[in-house]
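The structure appears right after this line, and notes come after that.
Below, chains carry the letters A, B, ... as their sequence lines are ordered, and counting in each starts from 1. Computation of the quantities below employed the complete heavy-atom set of this structure, encompassing side-chain atoms and omitting hydrogens, waters and symmetry-equivalent molecules.
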Amino acid sequence: MTTTPSTCTFAFFGSSRLSVIVLDELEKIGLKPTFIVTTPDKPQGRKLVLTPNVVKMWAQEHSIEVFDPPTIDRGFLDVLKQKTCDVYIVASYGKLFPEELLNIPPGKTLNVHPSLLPRYRGASPLPTAMLDDAKHTGVTIMRLTKEMDQGPILAQKEIVVSEWPIYEEFEERMAREGAQLLASILSDWVAGTITEQEQNHAQATYTKKIEKEDACIDLAGDPYENFRKIQAYHQWPQAYFFIEKNGNRLRVKITSAQFISGKLVIEKVIPEGGKEMSFADFKNGYSVEV
RNA sequence: CGCGGGGUAGGGUAACGGUAACCCGUCAGGCUCAUAACCUGAAAAUUGCCGGUUCGAUUCCGGCCCCCGCAA
């Protein structure tokens, strides 16, 4: 767990907040990528401003060379082949890789996946585990193959959650654990002393991409299920319900809630067009019965 | 020029051409063994800024500043 493979070089592929947390944790352990590959900036925000993605910003802050190809095509593969490193590391890149890329470095391409594979393959392992109330979970280091999340496993660590935090905190914990697990085996892997193990494909489960509609909740429904939705969708899209106001349907997002002795206690909300406020203020001002 | 909502007492909302109402909170008094409950009363808003229309604007028009929802 404390192995510091200082002699091993790697490139990092990622594009989300989880990627950044993994990078941070690896850096703490003394592992810095020789270069980083991420996805291009996308227009965001109210004015559709072009904002650099978080991984790119991290790379720039740490003065690490960064690439952001719109697609990984022939030309970019050739660029990669010019660079040398022992192994590629992928954490939440957001796109599939061409098979050719996976085998460029001698140590192939490894992936940090925040679930106990073969369970929770796919796009949303973390939120899905929360929605399923799967408190016995974990992180997996696997070798990427052509098929999504189906590669052989190098290492796993079980993690047990006592109570569901908001998504961001769960993500952070899992990312850090994943990064540590990776760091603990990386040099051995590159040295060739780790045996990979085929996944038990029969036990695989898959997660789907989250849709905004998934986050619509019925306040009269099961309180614990609603609580898990609020926590799981906290980063995006945020659990919401509707109220009637002046004949209009108004969306109200729940940003903070607790589950106390069998009841859902809503703490903060953001009404459409408004800003975040306490649920008490919301009920006072909007005079709604919820 | 991506679509849309909003800036009114400490907080949240309402009114919509004639200087502002409600809920919570605050303060005082009362009721109570007691209270976050209840009753009575009080303080607290030049209704974001500038200009225009008008006898008169929070309310209509124009400009500016700020805030937010949607958009993955």
*Do A:E147 and A:R121 sit within salt-bridge range, that is, some charged N less than 4.0 Å from a carboxylate O?*
no
* **A:E65 bridged to A:K83 by N-O distance under 4.0 Å** => yes
Item to check | Phosphate-side-chain proximity, A:Y286 and B:G12, N/O vs OP1/OP2 below 4.0 Å | outcome: no
| said: Centroid separation under 6.0 Å, is that true for the rings of A:F170 and A:W164? | reply: yes
Q: Provide the distance between the two C1' atoms, one in B:C27 and one in B:A9, to the nearest whole Å.
A: 15 Å
*Where does the angle between the aromatic ring planes of A:Y224 and A:F259 fall among parallel (under 30°), tilted (30 to 60°) and perpendicular (over 60°)?*
tilted
Show the distances under 3.5 angstrom between N or O atoms of the protein and N or O atoms of nucleotides 7-11 of chain B.
residue, atom, partner, partner atom, Å
B:G11, O2', A:D281, OD2, 2.5

Q) Can a salt bridge be assigned to the pair A:R228 and A:E225 using a cut-off of 4.0 Å between side-chain N and carboxylate O? A) no
Same-atom distance (C1') from B:C49 to B:U8, integer angstrom:
15 Å
Tabulate protein N/O versus nucleotide N/O from nucleotides 36-41 of chain B, keeping only pairs under 3.5 Å, one per line.
none

Would you say the ring centroid of A:Y233 lies under 6.0 angstrom from that of A:Y240?
-> no
Per the 3.5 Å Watson-Crick/G-U criterion and a run length of at least three, the stems involving RNA chain B are B:2-7 with B:65-70, B:10-13 with B:21-24, B:26-30 with B:38-42, B:48-52 with B:60-64
Q) Any salt bridge between A:R74 and A:D78, counting N to O under 4.0 Å? A) yes
Under 4.0 Å: is that the gap between some side-chain N or O of A:K283 and OP1 or OP2 of B:U13? no
*Check ion pair A:K208-A:D214 (N to O, under 4.0 angstrom)*: yes
Rounded distance in Å between the C1' positions of B:C23 and B:G4: 28 Å
Taking the six-membered ring of A:F279 (Phe, Tyr or Trp), confirm whether the NZ or CZ of A:K268 is under 6.0 Å from its centre and within 45° of its axis. no
Q: Using the rule that two of Ile, Leu, Val, Met, Phe, Trp, Tyr join whenever any of their side-chain heavy atoms come within less than 4.5 Å, decide whether A:V112 and A:Y88 are in one cluster.
A: no
salt_bridge(A:E169, A:R173) N-O dist < 4.0 Å = no
